[in-house]
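The chains referred to below are lettered A, B, ... by the order of the sequence lines, with proteins before strands, and numbering in each begins at 1.
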Amino acid sequence: MASLQPVRGTHDLLPEQNRLQDYIANTAREIGELYGYHRMTTPIFEFTEVFARTLGDTSDVVTKEMYTFEDRGGEQVTLRPEGTAGIARAYISNGMQQMSPVKVSYYGPMFRYERPQKGRQRQFHQIGAELLGVEQVAGDIEMIGYGAHILKALGLWDSITLELNTLGDPESRAAYRDVLVDYFKGHFDKLSEDSRARLEKNPLRILDSKDEGDRELVANAPLFAEYLNAHSQEFFKGLTEGLGDIGINYELNPRLVRGLDYYCHTCFEFTTNTLGAQGTVMAGGRYDGLISTMGGPQTAGVGWAAGVERLALMVGEAPAGARPVALIPMGDAAEAKCRTLAQTLREGGVAVELGYSGNMKKRMKRADKANAKLAVILGYDELANGVAQLRDLDSGEQQEVALDQLADVIGKK
RNA sequence: GCGGGUGUAGCUCAGGUGGUUAGAGCACCAGUUUGUGGCACUGGGGGCCGUGGGUUCAAGUCCCAUCACUCGCCCCA
């Protein structure tokens, strides 16, 4: 049994779930087109270095969560844990600065070796978008509007909050970080065990600690706002005003941070309280230092990513698809005729349900189950007269239609 | 990685203190009806009771381990 189960944290996407996730991904893609973002696809694995370098040596994702292995040629490769690094690598590999600004969206599986929970799997899917080569705050505003648009189109907006913060430019950030580390070092004995570790790796994260003792310290910690230089303040002001222009509400969350050095300025998360501990549904920010960190030209960047499984949990089910026409033949001759008819209708763009066996009653039942709107009944008498009974399965009304007019009549229904 | 909960049919769940061939509803298949669906009735298929070990005359039931899912922490989408 064990060997017939999927690997821990992975799941089969049965047709219903697959359709739901496709619906979400397609909605995101279509909305992206409205903003001028086109889908691109990078490999699902890269040289390990691509992720190790961009995500930093200390992040949990790199140190504990990557699926890394040596391939048969002796190369260290890693299944991608997120989408941005691959896009950034592709930007450099393909000399995409020639196409600036680059506006792309993506969709695909990601892999993280984490302890699974609802809304957190080892293989999961993300949709995402990146804007490369735009340093103006207009890019950040557009990105957030784009993401919000998707959440609205999926009908989730009412249960979602946009949390917003600024990380400032590198200069402000470094200044604040130093002050913060000094402050917490002065209270080292009161820090929780987790936060002592964070002090080394990612001191800003202490601001978001759930430990009570930490929270008391945080309450009296120096404020980032006091260390933002004029440029950073100006940028953030532009962002909040721009969001006002497009009618998007947000909550300022000074504890919202990112661990990695190449992030700057805009930092946002769309969150919900309907998914338990996995409340972040879409998250993003500005990463002007990323491309250069990877060895490319200095290039500004903004982006976001969203977990498709988490969105799917919230959406529940995909809207109903097109209702098929069911063909109900009786007897071998009628079955042969229906085969021909089905092919013609399908090539004409009509969804057709044609069973493989069963008497009329069985076939009618299946038509019902397939949510068919119309049934075409073709028996001995009809075949002899070149007609069929066309039955509306909602109203029960039935009319006789000549076979050569059937496609036309169905097309008008 | 840390702490807690759960695991019986495809799904939702019953199976007091261990005791014959493990049950229900839904779903599935077939029939009642060799030409009319949603309803009803009848019948049928389907369970290594998550897995492995132990205690016992006897284990779905008790003990241990393991795996998976799940809640919180961590981290994040």
Any donor and acceptor pair, going by atom type alone, linking the side chain of A:E75 with main-chain N or O of A:F47 inside 3.5 Å? no
Taking atom P of B:C76 as reference, at what distance in whole Å does atom CZ of A:F270 sit? 19 Å
So what's B:G7 paired with, Watson-Crick or G-U wobble, going by both distances under 3.5 Å? B:C67
So what does A:G284 touch, heavy atoms closer than 4.0 Å: a base, only the sugar-phosphate, or nothing? nothing
Per-nucleotide protein contact string for nucleotides 28-35 of chain B (B base, S sugar-phosphate only, - none; heavy atom under 4.0 Å): S-S-BB-B
Any side-chain to backbone donor/acceptor pair from A:R122 onto A:E114? Under 3.5 Å, distance only. yes
For A:R8 and B:G1, give me the distance from atom CZ to atom P, rounded to whole Å. 7 Å
B:C74 -> Watson-Crick or G-U wobble partner, both distances under 3.5 Å, gives none
Looking only at side-chain atoms of A:T280, point me to the closest of B:G1, B:G37, B:C76. B:C76
Sidechain-backbone polar pair: A:D12 side chain, A:L14 backbone, donor-acceptor under 3.5 Å: no
Could you tell me whether the side chain of A:Q121 has a donor or acceptor atom within less than 3.5 Å of a complementary atom in the base of B:A77? no
Quote, to the nearest angstrom, the P distance that separates B:G44 from B:C62. 33 Å
Using a strict 4.0 Å threshold on nitrogen-to-oxygen distance, state whether A:R363 and A:E335 make a salt bridge. yes
Does the side chain of A:R120 get closer than 4.0 angstrom to OP1 or OP2 of B:C76 through an N or O atom? no
Please name the nucleotide paired to B:U36 by Watson-Crick or G-U wobble geometry with both distances under 3.5 Å, or report none. none
Measure from CD on A:E65 to C1' on B:G1 and round the result to the nearest Å. 10 Å
Nearest-Å distance once atom C1' is located in both B:A27 and B:C69: 23 Å
In whole Å, what separates the P atom of B:G52 from that of B:C57? 23 Å
Could you give the distance separating B:C28 and B:C75 at their P atoms, to the nearest angstrom? 47 Å
Work out how far the P atom of B:G19 is from that of B:A58, and round it to whole angstrom. 14 Å
Suppose you measure atom P in B:A59 against the same atom in B:G50; what distance do you get, rounded to whole Å? 15 Å
Ignoring hydrogens and angles, does a donor from either the side chain of A:R115 or the base of B:G3 sit under 3.5 Å from an acceptor on the other? yes
Write down the partner of B:C62 under the Watson-Crick or G-U wobble criteria, each distance required to be under 3.5 Å. B:G54
Winner on side-chain proximity to A:R205, out of B:C73, B:C75, B:C69, is B:C75
State whether A:R363 places a side-chain N or O below 4.0 Å from either non-bridging phosphate oxygen (OP1 or OP2) of B:U36. no
Quick one: A:R112 CZ to B:G1 P, roughly how many Å, whole number? 17 Å
Should B:G23 form a Watson-Crick or G-U wobble pair with both distances under 3.5 Å, which nucleotide is its partner? B:C13
Do the side chain of A:N94 and the main chain of A:M96 share a donor and acceptor less than 3.5 angstrom apart? no
Which residues satisfy the salt bridge (Lys or Arg N to Asp or Glu O under 4.0 Å) test with A:E269, sequence neighbours excluded? A:R258
Of A:M282 and A:H11, the one whose closest RNA chain B nucleotide lies more 5': A:H11
If you compare every side-chain N and O of A:Q5 against the phosphate oxygens of B:C67 (OP1, OP2), does one of them come in below 4.0 Å? no
Is NZ or CZ of A:R196 both nearer than 6.0 Å to the six-membered ring centre of A:F188 and within 45° of the ring axis? yes
Distance between the C1' atoms of B:A22 and B:C49, in whole angstroms? 8 Å
Categorize A:G396 for me: base, sugar-phosphate, or nothing, with a 4.0 angstrom heavy-atom threshold over every strand shown. base
Indicate, with a heavy-atom threshold strictly under 4.0 Å, whether A:K210 touches base, sugar-phosphate, or nothing. sugar-phosphate
Complementary nucleotide for B:G44 - Watson-Crick or wobble, under 3.5 Å: B:C28
Sole candidate of A:L167, A:V181, A:L204 that passes side-chain contact (heavy atoms from CB on, under 4.5 Å) when paired with A:Y176: A:L204
Test item: A:S100 side-chain N/O and A:Q97 main-chain N/O as donor-acceptor pair under 3.5 Å: no
Distance check needed: B:C74 P versus A:D211 CG, whole Å only. 9 Å
Distance check needed: B:C76 P versus A:R255 CZ, whole Å only. 16 Å
Whole angstrom value for the distance that separates P of B:G1 from CD of A:Q117: 13 Å
What I want to check is whether an N or O donor and acceptor connect the side chain of A:R310 with the base of B:C76 at under 3.5 Å. yes
Rounded distance (Å) that lies between atom P of B:C73 and atom CG of A:D214: 14 Å
Residue met sooner reading RNA chain B from 5', once A:P116 and A:G279 are mapped to nucleotides: A:P116
Taking atom C1' in both B:C2 and B:A77, what distance in whole Å separates the two? 22 Å
Using a 3.5 Å distance criterion without hydrogens, assess whether the side chain of A:N165 forms a donor-acceptor pair with backbone atoms of A:L256. yes
